[in-house]
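Comments concern the structure below.
Computed from a predicted structure; not experimentally measured. Residues take their numbers from the sequence shown, with the count starting at 1. The basis for the numbers below is simple: all heavy atoms, side chains too, and nothing from hydrogens, waters or symmetry mates.
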Amino acid sequence: MEAITKNEPLSGPYTRLLYDSVLSVLDNDLSLLLSLINSPEFGKNTIVILYSDHGEAFGEHGINGHPESLYNEIIKTPLIVYVPGVSPQRFTVSSQNIDIFPTILGLVDGTSLGGLRGESLVSLMTKGAPIQKGPVVAQAGKYKFSIYNGTLKLIVNNYNNPLLNA
């Protein structure tokens with residue numbers, strides 16, 4: 001960890017190997033969990049949602065770990081939703097963790113609550129219907145934010161703006 005903290009050149013590949021080995025163990029454990037969920041006792045009424053609040057950097061942009069950064073290696077994370085009876089699919093549409101709660105509501109009872117900032121992904125998952133997503137917004141710390149419209153991304157690192165620091 002000391003080599004990683006010092007950002008030494010060889011620490012990135014070594015750290016990635018360690019990270020990949022942990023992912024391999026997780027992959028095996030997840031396989032066992034999904035086998036259990038596919039059993040008759042659980043299979044018909046169990047939804048599984050896997051997500052992450054951040055990714056990891058391995059030397060990209062000169063950073064390691066998961067600092068307050070808004071580069072894709074930190075903020076572009078997978079969202080995996082297992083729904084009984086829905087065929088596995090892969091989508092490239094951007095989503096945000098704020099979309100998870102409205103999606104759960106839609107999956108459980110088909111309803112949505114007004115005033116939620118996130119968007120349900122149910123119609124995308126069950127019908128392949130396109131969803132109208134607004135720009136994806138991310139924040140790190142108090143004065144860093146990004147906005148992504150599907151094509152372009154703006155990152156603002158605004159530490160010294162007197163209007164924000166007031």
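For the residue pair Lys142 and Gln139, the shortest heavy atom distance occurs at O-NE2, 3.8 Å. Taking each heavy atom of Leu79 and Ser95 in turn, the nearest pair found is CD2-OG, 3.6 Å. Shown here for Ile75 and Ser146, the closest heavy-atom pair between the two residues is CD1-OG, 3.9 Å. Nearest heavy-atom pair, Ser94 versus Val136, reported as atom, atom and distance to 0.1 Å: CB-CG2, 3.5 Å. When every heavy atom of Gln89 is checked against every heavy atom of Met125, the shortest pair comes out as NE2-O, 2.8 Å. Among all heavy-atom pairs drawn from Ala57 and Ile63, the shortest one is CB-O, 3.5 Å.
A donor-acceptor contact shorter than 3.5 Å is absent between the side chain of Ser24 and the backbone of Asp20. One N or O on the side chain of Asp99 and one on the backbone of Glu119 form a donor-acceptor pair closer than 3.5 Å. Using modelled atom types, one side-chain atom of Lys153 and one backbone atom of Leu70 make a donor-acceptor pair closer than 3.5 Å.
Considering CD of Glu73 and NE2 of His61, their distance stands at 5.0 Å, rounded to 0.5 Å. One distance of note links CG of Leu23 with CG of Asn28; it measures 12.5 Å at 0.5 Å rounding. The OG atom of Ser69 sits 11.5 Å away from atom CD of Glu56, with the distance rounded to the nearest 0.5 Å. Note: Ile74 CD1 to Ser52 OG = 9.5 Å, rounded to the nearest 0.5 Å.
No path of Ile, Leu, Val, Met, Phe, Trp and Tyr side chains, each step under 4.5 Å between heavy atoms, connects Tyr51 with Tyr148, placing them in separate hydrophobic clusters. Both Phe91 and Leu121 are assigned to one and the same hydrophobic cluster, defined by single-linkage of ILVMFWY side chains at heavy-atom distances under 4.5 Å.
Considering only residues two or more places apart in sequence or on other chains, Tyr19 meets the ring-ring contact (aromatic ring centres under 6.0 Å, His included) condition with Phe58.
Only one option out of Leu107, Leu105, Ile100 pairs with Thr103 in a side chain to side chain contact (heavy atoms under 4.5 Å, CB included); it is Leu107.
Using a 4.5 Å cut-off between side-chain heavy atoms of Ile, Leu, Val, Met, Phe, Trp and Tyr, Ile80 falls into a hydrophobic cluster with Leu30, Leu33, Leu34, Ile37, Val48, Leu50, Tyr82.
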Inset, instruction - Report the C-alpha distance between Ile104 and Ile49 in whole Å, list the side-chain angles of each, state the deciding distance to 0.1 Å, and finish with yes or no for side chain to side chain contact (heavy atoms under 4.5 Å, CB included). - result: CA-CA 9 Å; Ile104 292 170; Ile49 299 176; 3.4 Å; yes
Inset, instruction - Go through the steps for Tyr143 and Val156 under the test side chain to side chain contact (heavy atoms under 4.5 Å, CB included), then give the verdict. - result: CA-CA 8 Å; Tyr143 303 119; Val156 177; over 6 Å; no
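Between Asp27 and Asp29 there is no side-chain heavy-atom pair separated by less than 4.5 Å.
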